[in-house]
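This report refers to the structure that appears directly beneath it.
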Amino acid sequence: MEVRGRSCPVGYRYRPEALAQPARLQADTLYVVGGLYGNPVALEAVLERADREPGGPAAIVFNGDFHWLDVDPDDFRAISHAVLAHHAIKGNVEAELASEGGDGGCGCAYPDYVGDDVVDRSNQIITRLRATAGRFPELVRRMGELPRYLTADVAGERVGIVHGDPDSLAGWRLALEAMEPGDPAVRRQVGWRGQPTTPDDLLGWFARADVSVLASTHTGLPYAQAVPDGRARRLVVNNGTAGLGNFAGTTFGVITRLSSHPRAPADSLYGAAVGALRCDAVALRFDLGRWKARFLAQWPPGSPGHRSYLTRLTRGTHLRLRQAARAGVQLTGGGERP
Ligand SMILES: [Fe+2]
């Protein structure tokens, strides 16, 4: 029997070869923004930062789950319009909103090490969000037409942008906790068990997708890891969430910045180069007071959104920065400012 929030709908599946297409966009600097989770204040910060890029405005790809906690119709509409004015792929949230009465719950395809209480609350959140989305059929239709993956070209390197992993929109195989070599502390914290993702798995995906970089978000914890490939190297980067805190004791979001300019930006947390491409995890700082007020207006104490996300909003996660900067990736210092 399939359980809501645990299943992976057939429509989520694709093959890594699907990414081996001509690049859909080429940019000097590109932001990959995943897991905005309905935070309009973080969205403003992304757009403002993109406009401040010294070489001209950055291109942006929103790689899914831009909606989630925005059950307020005004927020839902504003976020939809802003995101759809840029490049975007769908996450499980948008895919579920656009699915015809289907009910995979939140579509997160949660693995069995994620507790039933978390899955139940996510299913309650998507039910509320679906009611809001029902007021905007045209926006939902456009979300349903978004692609599930996108290939970009930055600095002559091909970048495969997915929501989950190279096999599925809601796949968990690019989760930090799945990556080899495994981080025992991270695996213990999340209670991980399952199939590890090995360097050979990654090299197989890179070859089949014909990309040098894979950028993901769905699983919520950020990291970057270089993968040696003969005399070259490839890179996996997961931005965690743009709209919520990511690290212990912090409240800023994280986005992935890819650029043909070789210098790490001042707000880089960690990064690496692949050929002429510079990749950084960038701290996305926004007005927490404004975001918290928006959040509490929609998810008061006792609500499923409050119970699942307030702590993450105000205190981040268990993750330390050094655990996110994995093999071949350097800490750059931008996370030290509170
Ligand atoms: Fe997701």
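Counting starts at 1 for both ligands and their atoms, in listed order. From a predicted model like this one, the values you see are computed outputs, not experimental measurements.
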I'd like to know if the side chain of Tyr31 and the backbone of Arg49 have a donor-acceptor N/O pair within less than 3.5 Å. yes
Polar protein atoms near the Fe ion (ligand 1) [N, O or S; cut-off under 2.8 Å]: Asp65 OD2, Asn92 OD1, His163 NE2, His218 ND1
Under 3.5 Å, side chain of Gln298 to main-chain N/O of Val71, donor-acceptor pair present? yes
Side chain of Arg233, backbone of Gly328: donor and acceptor closer than 3.5 Å? yes
Thr332 versus Asp280, side-chain donor and acceptor atoms under 3.5 Å: no
Check the orientation of Tyr270 and Phe247. Use parallel for under 30°, tilted for 30 to 60°, and perpendicular for over 60°. perpendicular
Would you name the heavy atoms of Pro16 and Arg208 that are closest together and state the gap between them? CD-NH2, 3.5 Å
